[in-house]
Amino acid sequence: MAAELTAHDLIAQHRPTLDQALEAIRTRAYWSPHPEHPKAYGANGSLDMAAGKAAFDALLGTRLDLGQPGTDDWVGGEVSPYGIELGVTYPHADLDVLLPAMKAGQRAWRDAGAEIRAVVCLEILKRISDRTHEFAHAVMHTSGQAFMMAFQAGGPHAQDRGLEAVAYAYVEQVRTPDTAEWTKPQGKRDPLALTKQFTPVPRGIGLVIGCNTFPTWNGYPGLFASLATGNAVLVKPHPRAVLPLALTVQVARQVLTEAGFDPNLVALAAERPGEGIAKTLATRPEIRIIDYTGSTSFGDWLEANARQAQVYTEKAGVNTVVVESAGDYRGMLSNLAFSLSLYSGQMCTTPQNLLIPRDGIRTDQGPKTFDEVVADLARAIDGLLGDDARANALLGAIVNPDVKARLEAAAGLGEVALASREVANPEFPGAVVRTPVLVKLDGAKPDAEAAYMSECFGPVSFAVAVDSVTDAVELLRRTVREKGAMTVGAYTTDPEVEEAVQEVCLEEAAQLSLNLTGGVYVNQTAAFSDFHGSGGNPAANAALCDGAFVANRFRVVEVRREA
């Protein structure tokens with residue numbers, strides 16, 4: 001097939017966006033080329049709300065044929081957390097056929113150079129952006145996110161993270177010049193002169209192991225970082241969240257073909273129910289890069305066993321908030337209530353442990369005892385979610401039975417300050433929707449420690465009474481060091497306490513948010529500005545996104561010639 005996208009056209013269209021992304025990661029200022037509001041779509045070829053929903057509906061019950069080599073079966077079985085059977089089937093791959101086909105296109109992709117690879121990636125992202133409404137429904141009905149969150153986090157925010165990875169990849173690749181003239185004086189003799197050529201070369205095939213809760217947001221950084229650095233990419237979605245990443249692969253293959261490259265540079269590895277192909281794939285010699293988001297146990301297994309690959313993991317941690325004092329008590333309660341409720345706590349960044357001195361805290365509304373703080377927070381959550389329509393819009397649906405089981409078991413771990421309740425969803429009667437549970441624990445008791453020192457993924461939070469703020473800071477340190485944390489929060493009006501918490505986070509490499517009371521929450525991060533994870537504590541060995549996330553996906557090979 002003749003190329004339909006010329007290098008000149010791609011550079012003309014996308015180089016300005018790439019340059020803006022490069023400036024954004026340099027300044028860390030707010031910037032995004034992807035609109036967050038649903039009404040911004042519908043012009044210039046993008047799907048509006050109705051067209052996006054129609055496109056999603058048209059996918060249900062169909063076979064998504066990607067034209068991949070080595071297809072030996074068709075697999076599926078996704079059931080929406082909202083109760084809908086998607087009925088989409090996907091190609092199942094014979095790896096001995098697919099993986100060699102993926103490697104075949106890497107030479108031309110490598111030789112294209114960093115700029116061409118970057119603008120091809122931006123064209124893929126542009127086409128995904130045009131279909132944001134369609135992707136939003138795909139994310140909603142695989143992750144259980146409420147529509148608006150699926151639209152924003154699964155759409156523009158995920159696309160931002162993909163673009164951010166492309167920008168970092170470009171920076172690292174062009175750090176070394178393509179060529180250099182090297183001359184070394186030799187006194188009275190003729191100088192030594194060499195012409196040197198430097199080429200970024202890919203490691204091999206990158207494997208993206210997708211997660212159930214944020215298939216695009218967590219999948220795009222690794223996918224685009226590997227692709228932009230010259231690697232082919234095999235996408236292995238979570239079996240309950242295949243559709244968003246399968247559509248991504250479909251778009252990528254179309255763009256690569258039109259740009260004159262081998263579409264097999266990006267492929268899908270869907271699996272049969274219970275097949276569990278991730279371990280098999282992760283240890284194949286062709287797989288040289290792995291990006292994984294999910295449980296600590298499997299992340300640790302990958303780091304220990306996928307020895308042939310560069311492994312990037314985002315695992316799990318115990319996110320903690322220290323509450324010592326509050327200059328805006330109402331704002332603190334409101335901010336925490338939203339953070340604990342959003343997407344039913346099914347985020348790797350949601351706070352779990354709230355460390356509060358048992359003697360209480362100082363606030364702008366006077367002193368508050370431990371019990372008063374917890375009761376006021378419970379009321380704030382209850383007020384936020386008191387209306388079922390608003391509750392559904394914030395909570396979404398419980399993504400799998402394991403989360404529901406943890407939620408139900410948490411009530412037996414301590415004194416329940418706020419019980420979870422069922423919320424009916426009239427539009428989707430099959431959805432399992434639950435409000436958060438808030439449990440009081442005594443930080444000095446060993447049986448309580450077993451609860452708060454373990455991750456309890458889902459809408460479960462513990463208000464932990466500690467003897468002093470010093471104890472809170474030390475417990476924070478131990479938690480991050482032993483269990484890891486994607487996020488840390490703190491509320492204090494005391495500069496010494498603020499410095500102590502900050503020092504712990506600097507020493508233990510945890511991202512800190514201080515005194516958030518407005519519309520920014522501890523469990524949200526902005527691409528181009530915020531780092532998601534640090535790579536410096538047990539919760540993750542990589543950060544989204546920094547130079548270290550992309551620089552080891554390629555190596556620079558030098559060819560020297562005498563001038």
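Residue numbers start at 1 and run along the sequence shown.
The side-chain contact (heavy atoms from CB on, under 4.5 Å) test with E498 is passed by exactly one of T493, V322, L514, L512: L514.
Taking the six-membered ring where tryptophan is involved, the planes of F151 and F147 are tilted, since the angle between them lies from 30° to 60°. Taking the six-membered ring where the residue is Trp, Y521 and F338 present parallel rings, their angle staying beneath 30° rather than reaching 60°.
Partners of A375 by side-chain contact (heavy atoms from CB on, under 4.5 Å), not counting sequence neighbours, listed by chain and number: R379. Partners of E499 by salt bridge (charged side-chain N to carboxylate O under 4.0 Å, His left out), not counting sequence neighbours: none found. With sequence neighbours excluded, the residues forming a side-chain contact (heavy atoms from CB on, under 4.5 Å) with S534 are A509, Q511, N537, listed by chain and number. Listed by chain and residue number, V166, F224, L227, A228 satisfy the side-chain contact (heavy atoms from CB on, under 4.5 Å) test with C121 (two or more places apart in sequence, or in another chain). When the side-chain contact (heavy atoms from CB on, under 4.5 Å) test is applied to E23, the partners found at least two apart in sequence or on another chain are R26, T27. Applying the salt bridge (charged side-chain N to carboxylate O under 4.0 Å, His left out) criterion to D388, with sequence neighbours excluded, gives R421.
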Please set out all donor-acceptor pairs under 3.5 angstrom arising from side-chain atoms of residues 455-466, sequence neighbours excluded.
none

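Under the side chain to side chain donor-acceptor pair (under 3.5 Å) criterion, the residue pairs touching residues 410-419 are E415-K440, with sequence neighbours excluded. Counting only residues at least two apart or in different chains, salt bridge (charged side-chain N to carboxylate O under 4.0 Å, His left out) contacts with residues 500-510 comprise R477-E507, R477-E508, R481-E508. The stretch residues 513-538 participates, sequence neighbours left out, in no salt bridge (charged side-chain N to carboxylate O under 4.0 Å, His left out) pair at all. Pairs engaging residues 394-406 under the salt bridge (charged side-chain N to carboxylate O under 4.0 Å, His left out) rule: K404-E408 [sequence neighbours left out]. Under the salt bridge (charged side-chain N to carboxylate O under 4.0 Å, His left out) criterion, no residue pair touches residues 329-338, with sequence neighbours excluded.
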